Every structure is written in C-alpha cells, then in structure tokens.
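Remember, predicted model here, so these are calculated numbers, not experimental data. Just so we're on the same page: letters track the sequence lines, and every chain starts at 1.
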Amino acid sequence: MRNRLRLVHTSSIRSCACKNLNVKKEGKMKTFSITDGEVVKWNMGISEHMRSGRLESARRLFEAMPRRTSVSWNAMISGYLMNERFGDARQMFDAMPERDLVSWNITLSGYVKNRKLGDARKLFDEMPEKDVVSWNTMLSGYSQSGFLDEAREIFDRTPRKNSISWNGMLAAYVQNGRIELARKLFESKFDWEKVSWNAMMAGYVRKQRLVDARMVFNRMPERDEVSWNTMITGYAQNGNMLEAQKLFQESPIRDVFTWTAMVSGYVQNGMLVEARKTFDEMPQKTAVSWNAMIKGYTLCKKMDMAKELFDAMSCRNTSSWNTMITGYAQNGDIDRARSMFNEMPQRDSISWAAIIAGYAQCGYSEEALHLFIEMKRDGERMNRSTFTCALSTCADIAALEFGKQVHGRLVKAGYEMGCYVGNALLAMYCKCGSIEEAYDAFEGLSEKDLVSWNTMLMGYAKHGFGREALKVFDLMRMKNIKPDDVTMVGVLSACSHAGLVDRGTEYFHSMEREYGVIVNHQHYTCMIDLLGRAGRLEEAEALMRSMPFEPDAATWGALLGASRIHGNTKLGEEAAERIFEMEPDNSGMYVLLSNLYAASGRWGDVKRMRGTMWDKGVKKVPGYSWIEVKNKVHTFSVGDSAHPDKERIYAFLEELDQRMKKEGYVSATKMVLHDVEEEEKEHMLKYHSEKLAVAFGILNVPPGRPIRVIKNLRVCEDCHNAIKCISKIAGRTIILRDSTRFHHFNRGLCSCGDYW
DNA sequence: GTAGGGTTAG
C-alpha cells in the first residue's frame with residue numbers, strides 16, 4: 001500500500017507518460033494478494049543494502065525472496081549501477097522474466113553513466129516502447145559526451161517533450177560551450193522553468209559574459225538560491241569581489257553554497273584575510289568550505305597554516321588530502337606531497353592527477369609517467385583530467401610513444417575531443433615534434449576555441465613552418481575568429497621564421513586597426529627578431545629604441561641573436577651587457593656572448609667571459625638530451641658513460657665522424673663553440689649529449705621513422721652543423737627540440753634555416 | 001527503482 005501511494009505521488013509531479021506507466025503498474029499490483037506489503041519490505045531492504053554498498057547482502061535478500069516483482073529486479077539493477085557494477089546490472093536485466101519500461105530505462109541510464117553510448121543507443125533502439133524518460137536519458141547521454149548533433153536529433157524526435165527535455169537540450173549546448181546555440185534555443189520559447197533560467201545564466205558565467213548573465217538574472221521571473229549563487233560565483237571567480245559582496249548582502253537566502261562561493265572567491269583573488277573572516281563567520285561549514293580555505297593558504301605558500309587547518313578539520317575528505325598534496329607539490333615539497341599521497345585513506349582519480357602533476361611540475365617527469373602505469377595497476381580509471389595531465393606530462397618530456405598510447409586510450413574511453421583534453425592532445429603532438437599528427441588532432445577537434453587555434457599556429461611557427469602557420473591564421477580569419485595577443489605573437493614569429501619581412505611588418509602595423517589587438521612588449525620583440533634575422537640590424541635597433549616599453553632581457557636577446565648571426569660584435573656586446581644587468585644568472589647569455597667573441601676570433605674576450613662567469617658564481621645548467629625508444633626514455637649528458645649501450649654508440653659516432661669528414665664537414669672545435677655544455681677537452685664536442693642521443697636514435701629507431709631528440713638547452717652550433725650532415729649521410733629525418741624551438745633536419749638542411 | 005540548474009580538489 002505504501003508503495004502504491006508513493007507511486008501515485010511521484011506520478012503526480014512527473015509527466016503524463018510516466019503516469020500511464022504507473023497506472024499499468026497499479027493494475028498489476030492489484031492481482032497480488034496479501035503478501036504485497038511483505039514484498040515491498042523486501043524491496044526496500046534491497047535498496048537500502050545497495051545504497052550503502054552491501055551488494056552481497058542485497059543479492060542474498062533478492063535470492064531469498066519468495067516472490068519477486070519487477071521492482072525487486074529494478075532495485076537490484078539500479079543498485080549495481082549505483083556501485084558501478086555494469087556487468088552485473090546487465091546480467092540481471094537479461095535474466096528478468098518480464099521487463100517493464102522502468103527496467104529498460106534504468107539499464108539505459110546505466111549505459112549512459114558508463115559512457116557506453118553505442119550500447120545505450122542499441123538498447124534504446126531495441127526498446128519495445130519508450131517514454132519521455134527514455135528520450136531524455138538518451139539526450140543526456142549524447143550531451144554528456146559532446147555529441148551535439150545526435151543530441152539535437154533525439155530532442156527533435158522526442159514526441160511529448162516535457163520541461164526536462166527542453167532543459168536537457170539547453171544544458172547540452174551550455175555544457176558544451178555552445179552559448180550562442182543555447183541563447184537561440186532559449187529565445188525560441190518563453191515558459192522556461194527556473195532551472196533553465198539558471199542554466200542559461202550559468203552558461204554566460206562560464207563564458208565570462210557577466211553582463212549577459214546579469215541580464216538573465218535581472219529578467220528571470222523568480223529567483224532561488226541557485227540563481228543568487230550562480231551570479232555571486234560568477235562575479236567572485238572573475239575578480240569582481242565588490243559586486244559579489246553587494247549581491248551577497250542583497251541575497252535573501254544565504255546557504256552553504258553562497259558562503260563557500262564567497263570564501264573561494266576571496267581565495268582566488270588573493271584576499272586571504274577576507275577569506276578567513278568569512279570562513280570564521282559561516283554559520284555552518286562543510287568540507288568544501290574548509291578545503292577552499294586550505295587552498296587559500298597553500299596558494300599563499302603558507303603550508304604550515306594549511307596543515308594546521310587540515311589537522312583541525314573533522315570532516316576531512318579526499319579533496320582535503322588532494323588540496324594538501326597539490327599545495328606541497330606546488331611549493332616544491334614533492335616529498336611531503338608523496339608521503340601524504342601514501343598516507344591517505346582513499347585515493348581517487350584526482351589524487352592521482354595531483355601527485356602526477358606534482359612530479360611533472362617539480363621536474364620528475366619520468367616518475368610522473370611511471371605513476372600512470374601504477375595508477376592503471378591500482379584500477380583507477382582515467383578521466384578527462386588524468387588524460388589531460390598525462391598528455392601534458394608527455395608533452396613536457398616529449399614522450400611521443402607514451403603520448404600516442406594515452407591518445408589511444410582516450411579514444412577507446414569514448415571521450416569526445418572537447419576543448420580541454422583536445423587542446424592538451426594537440427599541444428602534446430606539437431611539443432613532441434610530430435607536427436603532422438598535431439594537425440590531425442587539430443582537425444579532429446569537436447570544438448575549436450582560441451587556444452586550439454593559437455596552439456596550432458604557434459606549433460607551426462616553433463617548428464619553423466612559417467607558411468603553414470600563416471595558413472592557419474588565414475583560416476582563422478575566414479572563420480571570423482577574433483585573434484588575440486597570443487595569436488599575433490604566433491603570426492609575427494611565423495613571419496620571422498619564414499623570412500617574410502614585409503608581411504610581418506604589415507601585420508605589426510595593422511594589428512590594432514585590423515584586429516583590435518593592442519601591441520605589447522612581446523610583439524615588439526618578435527619584430528626586432530624579424531628585422532634582425534633579415535639582417536636589418538639598424539632598423540631593429542631603431543625599433544627597440546622607439547618602442548614605448550623598457551626593453552627587457554628577451555628584447556635584448558633578440559638583438560643579441562641577430563648580432564651573432566650577422567657578426568655585429570659591437571651591438572651584441574651592448575645587448576649582452578644589458579642582459580647581464582637584468583639577469584645576472586642567465587648562463588645562456590654568457591655563452592651566447594662568448595660565442596660571439598669566438599666567431600670574430602676574440603679569444604681573449606672568450607677567456608675573460610669564462611672568468612667573469614667563474615667570479616660571479618654563475619652556474620651552467622647541465623645540458624642533457626633524451627630520446628624515447630620503445631616506450632623508454634633514454635637520457636644522455638655530455639660525454640656520457642653511464643648508458644649500457646655506450647660502446648656501440650661511441651663506435652658509431654666515430655664511424656659517422658669519418659664519413660662526415662669525407663662529406664667535407666669541418667669540426668668546429670677550434671671555435672670553442674661550447675654553446676651550452678662546458679667541456680674539459682675540446683674533443684668532447686664530439687660527444688655532446690644531442691649527438692649521443694642522435695646516434696642512439698639511428699641505431700635503435702627503425703629506418704623510415706623520424707628520430708626525435710629533446711634537449712633542455714639551446715642546441716650548439718657545432719651540433720647543429722653535425723646533425724645536418726648526419727641527416728644527409730644516414731638518410732634520416734631528425735627532429736630536435738631544444739629550449740626555444742624545433743629543428744627538422746632532413747637531407748642536410750634544417751627547418752630553422754640556420755637561424756635560431 | 002529511471003531524465004534537469006549552483007560551491008571545493010586536477
């Protein structure tokens with residue numbers, strides 16, 4: 001009886017179609033006799049066990065039942081789904097003697113939650129009848145995976161749409177960042193429910209269109225806590241704490257969400273005192289608010305305070321641990337981060353992402369990738385963020401093979417290449433030196449935002465493919481995508497790499513008028529680089545002197561680079577002096593300057609430079625190179641003797657050296673071009689880390705495939721010449737990523753055009 | 001027992 005009442009109650013607030021279903025059910029229930037009440041109790045027992053994760057007890061109860069109704073079966077199925085036991089759920093569904101519509105719907109929603117869209121659609125098509133819940137579930141499935149066309153098709157075909165269907169379509173657009181489509185849909189209809197007004201507003205907030213969000217907020221017929229909180233959060237997270245405070249005061253209802261939004265807003269805007277004051281004033285605190293406060297302390301590097309709060313909180317949850325792990329890692333204390341990770345009672349995917357990103361950011365990339373493998377062993381499933389994190393770690397150390405495997409798993413997991421993860425994938429291929437695959441990834445993006453375009457454009461520019469970069473820019477303009485300052489840096493450096501001086505100059509002068517991008521420091525630096533590279537040193541210098549900013553180290557660096565190439569020692573000297581003033585510890589600049597002296601035969605000055613470095617205690621960053629072969633990263637330093645294959649490598653280098661001499665290659669040893677790596681003896685030039693890595697690559701990478709080497713510093717000139725020559729002799733493509741850009745060596749030439 | 005909006009951690 002109780003069950004019946006509940007059914008009637010739910011149906012009264014649900015749709016017509018639902019009501020029909022329940023009427024049918026009531027009919028069925030009438031045929032039951034006195035034991036109906038008992039069955040209901042059994043069913044409730046099953047649900048309760050399932051809710052608290054006692055799957056076996058639920059199962060025993062289910063099997064012991066003298067008589068089962070479809071509700072019993074459904075309770076088992078949904079219980080399994082709740083506990084992510086998808087296989088067991090499906091088995092139950094298959095074993096059911098008589099399925100009702102709810103069983104179908106529950107199973108369908110199970111597939112959707114499991115992101116098995118193909119299976120969901122198959123089941124959906126097989127359904128003997130569908131109600132509005134079935135249609136809405138399918139819609140939400142497509143929406144969650146970003147398949148907007150399919151979602152729209154389902155929506156259009158839904159026979160008796162209710163408010164949830166409409167809201168589902170609206171949310172599909174909003175959550176996938178298609179705010180204009182959402183707006184269009186929203187304006188096509190007037191009787192939206194509060195939920196949808198809130199969703200539309202949240203959509204604008206997400207796009208940082210606070211004025212539009214506020215307009216929705218002002219226009220909506222009635223507001224609830226969610227409306228107020230969304231608006232307050234919008235202001236708080238976009239740095240407008242004043243407006244947030246104003247609304248907070250005005251708000252008729254303040255719940256935990258409101259208070260937490262304020263605390264976290266203060267934290268994000270670096271207003272620690274205000275954050276703490278609000279935190280202390282909160283009528284009740286949840287774990288979320290504690291965590292926000294802890295985050296505040298970690299951001300201000302007050303790890304002691306963070307730890308104090310963490311120790312004091314009684315409602316500590318996994319997020320609290322995760323916040324602390326990130327805090328320690330970002331403050332450089334990876335050991336404490338790791339021990340917290342080890343100590344914590346329960347880890348989730350975010351804990352893994354936090355510790356992995358921590359290792360990666362502290363420079364332990366290999367340990368980071370190692371943890372991915374451990375994570376898989378631990379049974380933790382990859383999600384969007386672990387995927388993103390894995391990809392950016394691969395990008396850092398240019399672990400292309402590993403990155404490709406992650407890509408494969410990403411596809412297999414059925415993730416749509418939305419902006420966040422898609423851009424990480426794109427960046428991974430760019431930074432791993434595989435520009436073709438980067439372009440494939442770019443084309444495969446389901447949604448391109450400005451970051452995607454900029455990444456692709458910069459990718460081409462850094463690889464020395466200036467013309468391709470400019471093609472991307474043309475495409476952007478064709479699609480009416482408004483470039484920003486980053487885009488223009490890409491465009492100018494592309495022009496520079498392609499030697500398109502006039503076109504670059506034109507862009508530089510028209511960017512404010514044409515694209516509304518204010519010229520900044522970086523743009524000037526690009527222009528100086530562009531002119532300098534083309535040998536127009538006076539113009540470059542004049543531009544620098546006329547620019548409305550104080551030149552910084554990067555600006556002088558561009559001039560220094562140009563002076564080196566074109567042998568203008570005097571200008572180079574001045575540039576170097578200025579850089580030393582600004583960045584006394586920049587060892588790369590000392591090296592660049594001593595190269596400049598060496599190039600013009602001023603050996604005394606070379607020696608003096610070395611002395612200065614010694615006096616000032618400037619430490620050279622040790623140079624090393626690495627290469628990934630068969631999923632393993634091999635690292636080399638100058639004159640490396642640690643690698644197990646060293647004898648083969650050195651023998652092969654010797655052989656290459658002989659052949660190079662025949663080709664007319666002259667070792668640059670006399671020039672003392674120890675660009676980046678200090679060596680005791682000049683013959684060590686032969687064994688610079690990049691050469692070792694290249695030799696190892698030729699020996700181990702199958703012919704026909706490019707050899708990809710990464711170096712932490714700038715490649716030295718001798719190595720650059722040698723690798724050009726090696727690419728010709730060995731008939732291999734060698735792609736070298738150094739600290740500033742990519743070099744594609746092929747048939748004795750380099751994509752950088754010998755200027756970098 | 002099935003479908004919808006707002007707060008923290010990456």
Side-chain angles (χ1 to χ4, degrees), chain A residues 3 6-7 10 14-15 18 21 43-44 46-47 50 70-79 81-82 100-110 112-113 131-141 143 162-172 174-175 193-203 205 224-234 236-237 255-265 267 286-295 298 317-327 329 348-358 383-386 388-389:
Chain A
N3 200 18
R6 231 171 76 199
L7 285 171
T10 46
R14 299 301 190 205
S15 68
C18 243
L21 164 72
N43 290 344
M44 281 164 58
I46 292 176
S47 304
M50 279 300 194
S70 66
V71 177
S72 332
W73 288 88
N74 290 342
M76 284 302 291
I77 298 175
S78 82
L81 294 177
M82 220 186 290
D100 61 12
L101 187 46
V102 176
S103 336
W104 284 92
N105 283 344
I106 292 174
T107 310
L108 182 68
S109 108
V112 163
K113 281 180 188 146
D131 65 358
V132 69
V133 176
S134 331
W135 287 94
N136 290 348
T137 306
M138 203 60 232
L139 168 60
S140 132
S143 155
N162 60 14
S163 63
I164 297 184
S165 323
W166 281 93
N167 189 62
M169 196 61 233
L170 185 73
V174 163
Q175 283 160 9
E193 285 192 359
K194 221 179 337 190
V195 177
S196 304
W197 282 89
N198 288 341
M200 190 66 231
M201 183 169 52
V205 165
D224 60 6
E225 306 94 293
V226 178
S227 328
W228 286 93
N229 292 340
T230 305
M231 204 60 239
I232 290 174
T233 308
Q237 292 188 341
D255 62 8
V256 200
F257 286 80
T258 332
W259 284 94
T260 311
M262 290 302 288
V263 172
S264 130
V267 162
T286 60
V288 177
S289 47
W290 281 87
N291 294 344
M293 197 59 234
I294 293 176
K295 177 79 184 167
T298 69
N317 62 15
T318 309
S319 291
S320 326
W321 289 87
N322 294 344
T323 308
M324 290 299 292
I325 291 173
T326 308
D348 61 8
S349 63
I350 293 170
S351 326
W352 284 95
I355 190 71
I356 291 171
N383 59 26
R384 272 192 168 79
S385 60
T386 34
T388 309
C389 178

Self-check item: Distance-only polar pair, side chains of A/D100 and A/S70, donor-acceptor under 3.5 Å
Solution: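 Their side chains do contain a donor-acceptor pair, which is all the 3.5 Å distance test asks for.
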Exercise. List in chain and number order the residues that pass side chain to side chain contact (heavy atoms under 4.5 Å, CB included) with A/T230, two or more places apart in sequence or in another chain; answer none if no residue qualifies.
Key: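 Scan of A/T230 (side chain to side chain contact (heavy atoms under 4.5 Å, CB included), adjacent residues dropped) gives A/M201, A/A202, A/V205, A/V226.
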Quiz item: Among all residues two or more places apart in sequence or in another chain, which pass the side chain to side chain contact (heavy atoms under 4.5 Å, CB included) test with A/A199?
Solution: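 In terms of side chain to side chain contact (heavy atoms under 4.5 Å, CB included), with neighbours along the sequence ignored, A/A199 is linked to A/N167, A/L170.
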Exercise. Could you tell me the separation between the CE atom of A/M82 and the OG atom of A/S47, rounded to the nearest 0.5 Å?
Key: 7.0 Å
Quiz item: In Å, rounded to the nearest 0.5 Å, how long is the span from NZ of A/K113 to CG of A/L108?
Solution: 10.5 Å
Quiz item: Is any side-chain nitrogen or oxygen of A/Q237 closer than 4.0 Å to OP1 or OP2 of B/dT7?
Solution: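 Checking B/dT7 against A/Q237, no side-chain N or O comes under 4.0 Å of OP1 or OP2.
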Exercise. Examine B/dG4: is either OP1 or OP2 under 4.0 Å from a nitrogen or oxygen in the side chain of A/K194? Give yes or no.
Key: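 Indeed not, no polar side-chain atom of A/K194 lies that close.
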Using atom [atom1] of [X] as one end and atom [atom2] of [N] as the other, report the distance to the nearest whole Å.
X: A/N167; N: B/dG4; atom1: CG; atom2: P; value: 9 Å
X: A/F257; N: B/dT7; atom1: CZ; atom2: C1'; value: 6 Å
X: A/M324; N: B/dA9; atom1: CE; atom2: P; value: 15 Å
X: A/L81; N: B/dA3; atom1: CG; atom2: P; value: 10 Å
X: A/M138; N: B/dA3; atom1: CE; atom2: C1'; value: 12 Å
X: A/M169; N: B/dG4; atom1: CE; atom2: P; value: 14 Å
X: A/I294; N: B/dT7; atom1: CD1; atom2: P; value: 20 Å
X: A/K295; N: B/dA9; atom1: NZ; atom2: C1'; value: 7 Å

Determine the contact category for [X]: base if any of its heavy atoms lies under 4.0 Å from a base atom, sugar-phosphate if only primed atoms, P, OP1 or OP2 are that close, otherwise nothing.
X: A/N317; result: nothing
X: A/S163; result: base
X: A/A171; result: nothing

Any donor-acceptor pair, under 3.5 Å, between the side chain of [X] and the base of [N], if you only look at N and O atoms?
X: A/D255; N: B/dG6; result: yes
X: A/T323; N: B/dA9; result: no
X: A/E193; N: B/dG4; result: yes
X: A/D224; N: B/dG5; result: yes

With the side chain of [X] defined as its heavy atoms from C-beta on, choose the nearest nucleotide among [options].
X: A/T137; options: B/dA9, B/dT8, B/dA3; value: B/dA3
X: A/V132; options: B/dT8, B/dA9, B/dA3; value: B/dA3
X: A/V288; options: B/dT2, B/dT8, B/dG5; value: B/dT8
X: A/Q175; options: B/dT8, B/dG5, B/dA3; value: B/dG5
X: A/I350; options: B/dT2, B/dT7, B/dA9; value: B/dA9
X: A/D348; options: B/dG6, B/dT8, B/dA9; value: B/dA9

Quiz item: Of A/I355, A/I350, A/N317, A/N291, which meets side-chain contact (heavy atoms from CB on, under 4.5 Å) against A/N322?
Solution: A/I350
